[in-house]
Amino acid sequence: MLVDVSGTPEELLSRLPGKVRNQVRRAHKDGIEVEQAEATEESYDRMWRLWTEVVEDRGVFTRDRDYQVGLWRTFCESGLGQLFFTRFEGQDVAGAFVTVVGDVACYKDGASVRDRPVRGASQLLQYEAMVWAQGRGANVYDLCGTPHSSRVADPEDPFHGIGVFKRGFNKEVTDWVGALDLPLRPRRYQMWNRFGHRVLAKVLARGRSGATFF
């Protein structure tokens with residue numbers, strides 16, 4: 001899900017669909033604050049709490065805390081990543097982890113509380129993250145992670161709700177070709193596909209059911 005973030009913050013806002021613009025302005029007017037969090041353990045803990053709530057609520061599982069927080073820490077401390085939070089009356093409402101590599105920004109991870117006290121908090125968060133990405137030379141902001149274009153309107157898709165939110169910024173879904181494997185050791189590769197991958201998935205799942213979310 002690609003969004004053109006070239007130009008100025010004002011030009012970016014003017015290009016966003018009218019509904020999103022209204023939500024951004026409404027959230028700001030209603031007292032939602034956006035924080036660019038410092039790269040501290042406290043910030044990672046806040047994001048981890050929001051993150052685990054949303055992935056568990058959707059019935060999926062991710063890698064463990066050391067891996068996930070280690071990823072955020074590595075990017076943030078190298079100047080290629082940033083944690084954002086929207087807050088209302090002193091409480092975290094939503095969080096996002098965004099990277100910029102070259103001229104492409106990526107909304108890598110995000111989460112929000114189920115019962116939002118003010119509408120538009122997540123839209124305002126994304127807009128401010130896009131402005132931050134602009135300031136670091138990004139021309140494209142990839143919202144990532146939607147259902148395939150052939151299923152984006154299917155309410156039965158497990159990620160339908162995510163697709164609905166992200167399509168608010170751009171109706172067009174970009175489908176990539178996907179990752180391809182180059183087996184350098186065919187026999188070991190076959191063993192991995194038949195047994196290794198299944199064992200690893202069970203270890204990561206730790207007895208939980210649901211889809212794998214890396």
Examine distances only and state if a side-chain atom of [X] and a backbone atom of [Y] form a donor-acceptor pair shorter than 3.5 Å.
X: Arg185; Y: Arg188; answer: no
X: Thr86; Y: Ala94; answer: yes
X: Glu77; Y: Thr74; answer: no
X: Thr52; Y: Trp48; answer: yes
X: Asp175; Y: Ser149; answer: yes
X: Lys166; Y: Gly145; answer: yes

Are [Y] and [X] linked, directly or through intermediate hydrophobic residues, by side-chain heavy-atom contacts shorter than 4.5 Å (ILVMFWY only)?
X: Val131; Y: Val100; answer: yes
X: Leu13; Y: Leu125; answer: yes
X: Val3; Y: Val104; answer: no
X: Tyr44; Y: Tyr67; answer: yes
X: Leu2; Y: Leu12; answer: no

Calculate, to the nearest 0.5 Å, the distance between atoms [atom1] and [atom2] belonging to [X] and [Y] respectively.
X: His28; Y: Gln23; atom1: NE2; atom2: CD; result: 15.5 Å
X: Phe165; Y: Thr146; atom1: CZ; atom2: OG1; result: 12.5 Å
X: His148; Y: Trp176; atom1: NE2; atom2: CH2; result: 12.5 Å
X: Ile162; Y: Cys144; atom1: CD1; atom2: SG; result: 11.5 Å
X: Lys171; Y: Met1; atom1: NZ; atom2: CE; result: 9.0 Å

(request) Might you confirm whether atom CD of Glu38 has over 12 heavy atoms from other residues, nucleotides or ligands at distances under 6.0 Å? (result)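 No - once you tally the heavy atoms of other residues, nucleotides and ligands closer than 6.0 Å, there are 12 at most.
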
(request) Answer yes if the ring centres of Phe97 and Trp51 are under 6.0 angstrom apart, and no otherwise. (result)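 No, they do not, as the ring centres are separated by 6.0 Å or more.
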
I need the minimum non-hydrogen distance between [X] and [Y], along with the two atoms involved.
X: Gly168; Y: Val20; answer: O-CG2, 3.1 Å
X: Ala37; Y: Phe85; answer: CB-CE1, 3.6 Å
X: Met130; Y: Phe169; answer: CE-CD2, 3.8 Å
X: Ala121; Y: Val93; answer: CB-CG1, 3.9 Å
X: Ala111; Y: Met47; answer: N-CE, 4.5 Å
X: Gly163; Y: Pro147; answer: CA-CD, 3.9 Å

Are any non-hydrogen side-chain atoms of [X] and [Y] less than 4.5 angstrom apart?
X: Gln82; Y: Phe75; value: no
X: Arg15; Y: Asp4; value: yes
X: Leu50; Y: Val113; value: yes
X: Gln126; Y: Leu143; value: yes
X: Val34; Y: Tyr127; value: no
X: His160; Y: Val164; value: yes
X: Arg136; Y: Trp132; value: yes
X: Arg25; Y: Arg21; value: yes

In plain terms, say whether [X] and [Y] are close enough for a salt bridge, that is, a side-chain N and a carboxylate O under 4.0 Å apart.
X: Arg46; Y: Glu35; result: yes
X: Asp30; Y: Arg26; result: yes
X: Glu172; Y: Arg167; result: no

(message) Pairing donors with acceptors under 3.5 angstrom, does anything connect the side chains of Asp142 and Tyr107?
(response)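 Not at all, the side chains of Asp142 and Tyr107 share no donor-acceptor pair under 3.5 Å.
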
(message) If only side-chain N and O atoms count, and only distance matters, is there a donor-acceptor pair under 3.5 Å linking Ser6 with Asn139?
(response)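 Judged by distance alone, the side chains do not pair up.
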
(message) If you apply the rule salt bridge (charged side-chain N to carboxylate O under 4.0 Å, His left out), what do you find for Arg151 with Glu156, and how did you get there?
(response) CA-CA 9 Å; Arg151 290 179 53 85; Glu156 299 300 319; over 6 Å; no

(request) Decide yes or no on side chain to side chain donor-acceptor pair (under 3.5 Å) for Tyr141 and Gln134, but give the supporting numbers first. (result) CA-CA 9 Å; Tyr141 187 96; Gln134 273 187 337; over 6 Å; no

(request) Could you walk me through whether Arg73 and Glu41 pass the side-chain contact (heavy atoms from CB on, under 4.5 Å) test, one step at a time? (result) CA-CA 9 Å; Arg73 184 186 297 110; Glu41 294 306 311; 3.1 Å; yes

